[in-house]
Amino acid sequence: MSDLRDHVVLLVGGVGGAKLALGLAEVLPTGSLTIIVNTADDFEHLGLHVSPDLDTVMYTLAGLANPLTGWGVEGDTFRAIEMVGRYGGPTWFRLGDSDLGTNLLRTVMLREGHTLTEITRQLCGALGIQHPILPMTDHTVQTWLDTDQGPLAFQEYFVRERWQPVVHRIRFVGAEEARPSEAVHEALEAASLIVFGPSNPFLSIDPILALPGVREQIAASDAPCVALSPIIGGEAVKGPAAKLMAELGVDVSPVGIVTHYRDLLDGIILDRVDSELRQPIEALNVRAMAEQTLMETREDKIRLAEKILNWAEENFE
Ligand code: GDP
């Protein structure tokens with residue numbers, strides 16, 4: 001019988017997801033973890049192809065991430081973007097100088113005809129990362145939000161407007177015509193356990209699930225699928241998840257997370273402060289474990305990853 005730890009596939013966005021990615025990367029041997037990353041936040045900025053979630057996960061696993069923000073490179077300087085500002089150019093999206101280097105090379109390689117999957121493999125290899133980080137697709141998919149201020153592209157909503165507009169609807173433009181990459185398809189085929197990181201369900205996980213065939217592949221997989229709740233005690237640890245859930249009429253709790261992912265989930269890890277919600281969740285036929293889910297230190301991330309794997313083995317093997 002195959003072992004549940006043989007091929008763990010983690011779906012994530014950026015900062016929140018990268019924390020669990022680091023924990024699992026430390027716990028699992030090379031070859032046993034594949035990380036599929038949202039690319040619907042990617043956008044063209046100052047002529048560069050920027051992939052915020054891919055870079056956050058890459059910098060985190062390479063040990064380069066800025067520990068204060070969770071994104072960007074630790075100790076990075078901002079001289080290039082300050083120069084852009086002196087000319088009156090846009091500075092609302094803060095790209096550090098090292099970060100610019102990543103984006104310059106990625107953009108050049110895309111122009112040379114390499115795929116985002118190939119480029120990410122090369123960049124991660126150069127940074128010594130042991131586990132594959134896969135962009136969800138090599139096609140263009142872009143998150144748009146219909147808000148009380150009109151339609152906003154993801155980064156306009158998230159960074160420029162600091163997620164204050166009220167959202168009515170979220171669209172993944174291009175998703176229907178896009179395809180998951182071959183590598184993503186193969187990873188999901190081989191999965192022994194599928195984990196949804198504590199990433200924003202609407203903005204980070206849903207774009208991956210919106211790619212044709214992905215939801216179906218996960219639903220049909222023999223591998224159990226478990227999620228780590230991004231909502232702790234009715235609030236998001238960071239970012240707009242709770243605000244969005246309220247605006248979209250979803251219960252702002254792990255129960256809302258379970259109902260959002262519907263038939264895909266076999267289990268959820270929720271925080272101890274929400275442990276009274278285990279019963280209503282199990283009534284929905286989803287196993288629930290209450291744990292300390294706030295990942296502040298490196299040890300927190302490793303400990304939680306190990307707990308999730310042990311719990312999944314006990315419950316689903
Ligand atoms: P983004 O793309 O940078 O916004 O990152 P993600 O979508 O991957 O993650 C954002 C989500 O992660 C937020 O909804 C947070 O509530 C959640 N999150 C961040 N840190 C933690 C943590 O330590 N524990 C849990 N359970 N959730 C977290």
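Read the numbers this way: they start at 1 and go in the same order the structure lists the ligands and their atoms.
With respect to the salt-bridge test (charged N to carboxylate O, under 4.0 angstrom), the residues R298 and E26 qualify. Ionic pairing of R5 and E313 is present here: one or more N-O contacts between side-chain nitrogen and carboxylate oxygen are shorter than 4.0 angstrom. For E247 and K243, the salt-bridge test passes: some basic side-chain N is under 4.0 Å from an acidic carboxylate O. At a threshold of 4.0 Å, the pair R287-D266 does not count as salt-bridged, since none of the basic side-chain nitrogens sits closer than that to a carboxylate oxygen.
If you number the atoms of ligand 1 from 1 as listed, the ones under 4.0 Å from a heavy atom of A236 come out as 16 (O). Close contacts between ligand 1 and L294 involve ligand atoms 23 (O), 24 (N) [criterion: under 4.0 Å to a heavy atom]. Taking every non-hydrogen atom of D53 and a distance limit under 4.0 Å, the qualifying atoms of ligand 1 come out as 2 (O). Below 4.0 Å from some heavy atom of T293 lie the following atoms of ligand 1, by number and element: 22 (C), 23 (O), 24 (N), 25 (C), 26 (N). Contact atoms of ligand 1 toward G13: 8 (O) (distance under 4.0 Å to a heavy atom of the residue).
Looking at ligand 1, you'll find an N or O of P230 within less than 3.5 Å of one of its N or O atoms. Taking only nitrogen or oxygen atoms, main chain and side chain alike, V15 reaches within less than 3.5 Å of ligand 1. Here's the thing with G16: one of its N/O atoms is less than 3.5 angstrom from an N/O atom of ligand 1. Checked by distance only, ligand 1 and V237 come closer than 3.5 Å through their nitrogen or oxygen atoms. Looking at F158 next to ligand 1, no N or O pair under 3.5 Å apart turns up. Taking only nitrogen or oxygen atoms, main chain and side chain alike, A18 does not reach within less than 3.5 Å of ligand 1. Distances between N or O atoms of G14 and those of ligand 1 include at least one value under 3.5 Å.
For atom 7 (O) of ligand 1, the nearest non-hydrogen atom from the set P240, A241, S204 comes from S204.
Of all protein heavy atoms, the one lying nearest to atom 26 (N) of ligand 1 is S229 O, 2.9 Å. With respect to atom 17 (C) of ligand 1, the closest heavy atom belonging to the protein is P198 O, 3.1 Å. Given atom 10 (C) of ligand 1, the protein heavy atom at minimum distance is N200 N, 3.9 Å. At the top of the distance list for atom 23 (O) of ligand 1, counting protein heavy atoms only, stands M295 N, 2.7 Å. Closest to atom 20 (N) of ligand 1 among all protein heavy atoms lies K19 NZ, 2.9 Å. What sits closest to atom 15 (C) of ligand 1 on the protein, heavy atoms only, is K238 O, 3.5 Å. Among protein heavy atoms, the minimum distance from atom 8 (O) of ligand 1 is reached at S199 OG, 2.6 Å.
In this structure, F154 has its ring center at least 6.0 angstrom away from the ring center of F43.
With a 6.0 Å radius and a threshold of 12 heavy atoms from other residues, nucleotides or ligands, D222 has its CG atom at or below the threshold. Under a cut-off of 6.0 angstrom, the local environment of CD in E176 is sparse, with at most 12 non-hydrogen atoms contributed by other residues, nucleotides or ligands. Counted within 6.0 Å of CZ on R79, heavy atoms from surrounding residues, nucleotides or ligands total 12 or fewer; the atom is thus considered open.
Because its NZ or CZ atom is both nearer than 6.0 Å to the ring centre of F78 and within 45° of the ring axis, R94 counts as a cation-pi partner of that residue.
Every heavy atom of G197 sits 4.0 Å or more from the atoms of ligand 1. Judged by the shortest distance from any of its heavy atoms, V12 lies outside the 4.0 Å radius around the atoms of ligand 1.
Neither the backbone nor the side chain of E296 has a heavy atom within less than 4.0 Å of ligand 1. Residue P52 does not touch ligand 1, judged by heavy-atom distances below 4.0 Å.
If you check the side chains of S192 and D6, you find no donor sitting under 3.5 Å from an acceptor. Looking only at atom types and distance, the side chain of Y59 has a donor-acceptor partner in the side chain of D99 under 3.5 Å away.
Of all non-hydrogen atoms in K238 and T69, the two that sit nearest each other are CE-O, 4.4 Å.
The side chain to side chain donor-acceptor pair (under 3.5 Å) test with N38 is passed by exactly one of D206, D53, T137: D53.
Residues N200 and P240 are in side-chain contact: their nearest non-hydrogen atoms beyond the backbone lie under 4.5 Å apart.
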